[in-house]
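Below is one structure, written out as structure tokens; the observations come after it.
One-based numbering along the sequence shown. Below, each value reflects all heavy atoms present in this structure, side chains not excepted, and no hydrogens, waters or symmetry copies. Here the structure is a predicted model, which means the values were calculated and not measured.
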Amino acid sequence: TLRLGDTAPDFQQESSEGIIHFYDFLGDSWGILFSHPADYTPVCTTELGYTAKLKNEFTKRNVKAIALSVDDVESHKGWINDINETQNTTVNFPIIADKDRKVSELYGFIHPNASETLTVRSLVIIDPNKKVRLIITYPASTGRNFNEVLRVVDSLQLTDKHKVATPANWQQGEDVVIVPSLKDEEEIKQRFPKGYTAVKPYLRLTPQPEQ
């Protein structure tokens, strides 16, 4: 079972853009690997179209997206034409053709009690050190919220750099929480020159630090 903090498994697999060597594909970028139940399905079509439209947002955050389903390359290529046409976009990332389910098994994308053969709607965020930082799994009937995925990337990148956490429903630019382990007042002043509000000793809010 893949868990947070694990090293994301490397793999080599066919895709709509040729053979993918996963670690080479990621390079020094963050990665979003997300699975789909099947090609030519309605919810997946909208998800892949929306992901393509987020290209600039991903690029700003040094993120590469890559999708997966258990259909073959020819199926993917035909489906991409439909996505481009119906979603008014151009798919600008690879779709892994996981016909032998090798990658799906590595990442736990097949949940037998949901479907013996099809991948569930899972999404994994991987950092530049190839560590798994987020795993979200949706039922096949529910499309993912990719604005939430961007929000999580923003939070991870911010909290990796500063000793803060992001509160409920946090959005880019809003106040953040100073981590409880940070006690030294001199260090707090240094790190957070705008000051902070102590709602409780363990709940200290401060303006978002500069990225």
Side-chain angles (χ1 to χ4, degrees), residues 1-4 6 8-23 25-26 29-55 57-59 61 63-126 132-153:
T1 303
L2 200 65
R3 294 189 172 96
L4 298 185
D6 288 354
D10 195 13
F11 58 82
Q12 180 177 307
Q13 189 63 297
E14 287 188 278
S15 83
S16 57
E17 297 184 6
I19 297 287
I20 292 287
H21 301 262
F22 190 48
Y23 277 14
F25 168 79
L26 290 177
S29 299
W30 290 69
I32 292 174
L33 170 63
F34 57 117
S35 59
H36 298 271
D39 292 358
Y40 298 103
T41 50
V43 176
C44 301
T45 300
T46 62
E47 287 190 326
L48 289 179
Y50 195 77
T51 300
K53 291 174 181 175
L54 290 174
K55 174 73 172 174
E57 293 299 321
F58 287 139
T59 300
R61 294 165 172 82
V63 173
K64 290 181 178 176
I66 184 167
L68 172 150
S69 89
V70 295
D71 296 298
D72 61 27
V73 169
E74 288 312 306
S75 174
H76 284 355
K77 287 180 175 175
W79 182 35
I80 285 169
N81 291 333
D82 282 5
I83 296 166
N84 293 344
E85 177 194 341
T86 62
Q87 306 305 303
N88 192 30
T89 189
T90 300
V91 171
N92 43 36
F93 52 87
I95 306 174
I96 296 164
D98 197 35
K99 193 88 177 134
D100 60 4
R101 295 169 176 74
K102 178 176 72 179
V103 181
S104 303
E105 294 290 348
L106 274 177
Y107 279 82
F109 288 164
I110 293 176
H111 293 200
N113 289 333
S115 170
E116 289 283 354
T117 56
L118 301 179
T119 46
V120 290
R121 207 176 293 285
S122 283
L123 182 146
V124 179
I125 293 179
I126 299 161
V132 173
R133 302 297 298 277
L134 173 85
I135 303 168
I136 308 179
T137 299
Y138 289 72
S141 56
T142 304
R144 283 167 276 220
N145 183 339
F146 282 86
N147 295 322
E148 168 64 4
V149 173
L150 285 177
R151 190 186 80 90
V152 173
V153 170

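Of all heavy-atom pairs between L4 and I135, the closest is CD2-N, 3.8 Å. Counting all heavy atoms, side chain and backbone alike, Y107 lies closest to P9 at OH-O, 2.6 Å. The two residues A8 and I126 make their nearest non-hydrogen contact at CB-CD1, 3.7 Å. Of all heavy-atom pairs between S104 and L68, the closest is OG-CD2, 3.6 Å. Here the shortest heavy-atom pairing between V70 and P37 reads CG2-O, 4.4 Å. Across K64 and L26, no two heavy atoms sit closer than the pair NZ-O, 3.8 Å.
The aromatic rings of H76 and W79 sit tilted, their planes meeting at an angle between 30° and 60°.
Side-chain contact check for K77 versus N81: every heavy-atom pair is 4.5 Å or farther apart. For the pair Y40/D71, no side-chain contact is recorded, criterion being any heavy-atom separation below 4.5 Å from C-beta on. Inter-residue side-chain proximity for F146 and L123 is flagged as met; some heavy-atom pair is nearer than 4.5 Å. With a 4.5 Å cut-off on side-chain heavy atoms, F93 and I66 do not count as touching. Taking 4.5 Å as the limit, every side-chain heavy atom of Q87 sits out of range of all side-chain heavy atoms of L48. Within the 4.5 Å cutoff, the side chain of F25 has no heavy atoms near those of the S15 side chain.
Residues passing the side-chain contact (heavy atoms from CB on, under 4.5 Å) test with T142, sequence neighbours excluded: Y138, P139. Listed by chain and residue number, D72 satisfy the side-chain contact (heavy atoms from CB on, under 4.5 Å) test with K99 (two or more places apart in sequence, or in another chain). Taking the side-chain contact (heavy atoms from CB on, under 4.5 Å) definition, one finds that T41 meets it with A38, C44, sequence neighbours left out. Every residue two or more places apart in sequence or in another chain that forms a side-chain contact (heavy atoms from CB on, under 4.5 Å) with K53 is listed here: T89. For the salt bridge (Lys or Arg N to Asp or Glu O under 4.0 Å) test, residues two or more places apart in sequence or in another chain that qualify with R61 are E57, D154.
Considering CD of E14 and CD1 of I19, their distance stands at 5.0 Å, rounded to 0.5 Å. The line from CG of L106 to CG of L2 is 9.0 Å long, rounded to the nearest 0.5 Å. Distance CG/L33 to CD1/I125: 11.0 Å, rounded to 0.5 Å. The distance from atom CG of L150 to atom CG of N145, rounded to the nearest 0.5 Å, is 9.0 Å. For the atom pair T90 OG1 and I83 CD1, the distance stands at 11.0 Å (nearest 0.5 Å).
Applying the salt bridge (Lys or Arg N to Asp or Glu O under 4.0 Å) rule to pairs touching residues 29-49 yields E47-R121, E47-R144, sequence neighbours excluded.
Looking only at distances, a side-chain donor or acceptor of D98 sits under 3.5 Å from a matching main-chain atom of K102.
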Pair Y50, L54 - check side chain to side chain contact (heavy atoms under 4.5 Å, CB included), show working. CA-CA 6 Å; Y50 195 77; L54 290 174; 3.7 Å; yes

Between I96 and F22, does the side chain to side chain contact (heavy atoms under 4.5 Å, CB included) criterion hold? Intermediate values first, please. CA-CA 10 Å; I96 296 164; F22 190 48; 5.6 Å; no

Apply the test ring-ring contact (aromatic ring centres under 6.0 Å, His included) to residues F34 and H36: give CA-CA distance (whole Å), side-chain angles for both, the deciding distance (0.1 Å), then the verdict. CA-CA 7 Å; F34 57 117; H36 298 271; 5.1 Å; yes

